[in-house]
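This report concerns only the one structure given below.
Predicted model only: the values in this text are computed from it and were never measured. Both backbone and side-chain heavy atoms feed into the values below; hydrogens, waters and symmetry mates do not. Numbering of ligands and ligand atoms starts at 1, following listing order.
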Amino acid sequence: MIFETHAHYDDEQFSEDRDALISSLPSQGIGRVINVGASIESTRSSLSLSETYDFVYAAIGVHPSETADLNEDSFVWLREQTAHERTVAIGEIGLDYYWDKEPEVQERQRYWFRRQLELAKESRLPVIIHSRDAAEDTMELIKDDGRDVCGVIHCYSYSPELAKEFVRLGYYIGVGGVVTFKNSKKLKETVQQIPLERILLETDCPYMAPEPFRGKRNNSAYLNYVADKIAELRGITAEEVEQVTWENAMRLFTRIK
Ligand code: NI
């Protein structure tokens, strides 16, 4: 069975067939799904999906590019959702300097990243981190406000060396469809150089579909292509990849039984 640690089934790309698709996942080998919030609205939708399907759980949080959503009132609401019985993580939170280049917007991203890291700490929940073109600041904030917090660097896009540093800090590395792309040399090296015990499988669907579906709508059932590629890169079986990454997710997301 595969543990899908990062999906966005609330996305409008699933409007036509959402229920049929999600309901079909267990029969396609997907045993657990974390639907990840990226805004206040999608956090609400993630919680609602987690109440509907017994194998779907929710991560609650606001993505760096959506931090205009956050103020003291919405943050109070977010804090209340940490007590929701289907909440298993704070995410996705972090820094994205690729889309947002203005200094004051980046400052706002750092402010709410810190606040959400503190929320993770006080609620003893792991974090799901989105970090793009912001390696140095992400590392700095994790070491500072993120002390005593653990989590996953989702859709990992930095060097193998930096991955090892995140692993040393207790973090997991999220690996998805990109690892099947021809030009993903750094991610392939990362997968070969960090312990399998630190890798999580994730789609980020509807985005990031693996080969041979690159560019099309992604879904959790395609994770077997990701598991196959990781197995090939490490010279082990896909079953071993599925089993170990399942155990990894169960170890990190402690509220899931
Ligand atoms: Ni995502």
message: Can you tell me how the ring of Phe166 sits relative to the ring of Tyr158, calling it parallel under 30°, perpendicular over 60° and tilted otherwise?
response: parallel
- Relative to the ring of Phe253, is the ring of Phe3 parallel (under 30°), tilted (30 to 60°) or perpendicular (over 60°)? parallel
N, O or S of His6 under 2.8 Å from the Ni ion (ligand 1): yes
All heavy atoms of Asp228 vs all of Ala238, minimum pair found to be OD1-CB, 3.4 Å
Between Ile173 and Val152, the two heavy atoms sitting closest are C-CG2, 4.0 Å
Restricting Asp204 to its N/O/S atoms, the closest one to the Ni ion (ligand 1) is OD1
OE2 (Glu92) to the Ni ion (ligand 1) to NE2 (His8), nearest 10°, is 90°
